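Down below is the structure, laid out as structure tokens.
Worth knowing before you read on, the calculation uses all heavy atoms, side chains too, and leaves out hydrogens, waters and symmetry mates. Computed from a predicted model, the values in this text were never measured in an experiment. Start at 1 with the first residue, then count along the sequence. Whatever order the structure lists ligands and atoms in, that order sets their numbers, starting from 1.
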Amino acid sequence: MPTGRFAPSPTGPLHVGNLRTAVLAWLFARSSGGRFLVRVEDLDRVASRDEHVAAHLADLRALGIDWDGEVVRQSQRFDRYEAALARLEADGLLYPCYCTRREVQAAVAAPHGPLPEGAYPGTCRDLTPEERAARAAEGRRPSWRVRAGGERVEVVDRLHGRVVRAIDDFVVRRADGAPAYQLAVVVDDHEQGVEEVVRGDDLLDTTPRQVWLARRLGLRVPAYTHVPLVLGPDGQRLAKRHGAVTLAQLRAGGVEPDVVLGAMAASLGLAPPGTRVASVADLLPAFDPAALPATPWTFDPDRLA
Ligand code: GLU
């Protein structure tokens with residue numbers, strides 16, 4: 001009975017793609033009799049808004065998604081992330097990186113051996129104390145990176161199978177002092193007892209980094225299922241510019257949540273097209289995690305109205 005979760009960032013409203021991921025995460029957990037948690041990923045204090053938190057929870061309820069216990073907020077858990085950072089530091093696994101955004105972009109673009117494209121090549125890894133002091137004296141505030149040095153990590157995803165990535169020296173504390181998402185998610189999933197992570201497959205590539213961190217911190221590694229994203233009619237990842245993509249926008253156009261949930265259910269092969277589905281609970285009897293479509297779903301708001 002694995003515990004699952006949905007962990008939205010309250011930096012904007014949820015759209016149909018985010019909600020379909022939430023529906024799937026809920027179905028995975030509840031179909032096996034597991035607990036289901038909601039966590040607000042409001043690490044970014046500037047971009048996160050309480051109004052989005054309230055709207056996210058209302059949207060989940062409108063689809064019949066329920067959760068166990070209190071909603072946990074990352075903004076209230078900085079002490080846990082600090083403890084994890086202190087442990088990495090004590091193990092000699094962190095170094096300060098003084099690269100500006102532009103310098104990182106240039107370093108990332110240069111060819112760098114076995115690391116994958118987009119990887120940070122370790123420019124600041126071996127700076128001497130004098131070099132560090134000189135950069136700090138220029139007023140640069142460092143971010144903190146891990147010494148992963150290209151170690152290869154394998155993840156087995158339920159839909160994607162084996163995923164192997166060389167781990168670059170990624171950031172675990174941002175230059176503004178905030179812990180990075182990669183760190184927080186690993187600490188939280190462990191402490192909340194999450195055993196199965198179901199989320200969008202845009203995060204698949206970064207998952208080996210999280211597994212690397214979990215192992216370094218001695219934390220449990222959950223099972224992973226990265227589900228296909230929802231696309232707009234133009235084949236691009238669903239976004240605001242595609243029109244009515246949130247429950248509120250769809251409702252304003254006369255499309256009720258049961259129609260939206262029905263369309264999601266049809267896209268998952270759980271209901272015939274055109275069916276209204278009042279609650280995710282109605283989908284439980286037909287849900288089979290092994291029969292999940294592995295291809296993206298194209299959502300056209302105009303065809304629901
Ligand atoms: N907060 C992340 C997002 O909204 C999801 C992180 C996760 O599910 O691990 O994209």
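Side chains of Arg5 and Gln192: a donor-acceptor N/O pair is absent below 3.5 angstrom, by distance only. Side-chain N/O atoms of Thr298 and Arg303 include no donor and acceptor closer than 3.5 Å.
In Arg251, the CZ atom is not crowded: 12 or fewer heavy atoms of neighbouring residues, nucleotides or ligands sit closer than 6.0 Å.
With sequence neighbours left out, Asp50 forms a side chain to side chain donor-acceptor pair (under 3.5 Å) with Arg73.
Note: Asp201 CG to Thr225 OG1 = 11.5 Å, rounded to the nearest 0.5 Å.
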Run through all N or O atoms in ligand 1 and write down each protein N or O closer than 3.5 Å, as a pair with its distance.
| from | atom 1 | to | atom 2 | distance (Å) |
| --- | --- | --- | --- | --- |
| ligand 1 | 1 (N) | Ala7 | O | 2.7 |
| ligand 1 | 1 (N) | Ser9 | OG | 2.9 |
| ligand 1 | 1 (N) | Glu41 | OE1 | 2.6 |
| ligand 1 | 4 (O) | Ser9 | N | 3.4 |
| ligand 1 | 4 (O) | Ser9 | OG | 3.2 |
| ligand 1 | 8 (O) | Arg5 | NH1 | 2.6 |
| ligand 1 | 9 (O) | Arg5 | NH1 | 3.4 |
| ligand 1 | 9 (O) | Arg5 | NH2 | 2.9 |
| ligand 1 | 9 (O) | Tyr181 | OH | 3.0 |
| ligand 1 | 9 (O) | Arg199 | NH1 | 2.7 |

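Judged by the 6.0 Å distance and 45° axis criteria, Arg45 is positioned over the aromatic ring of Phe78.
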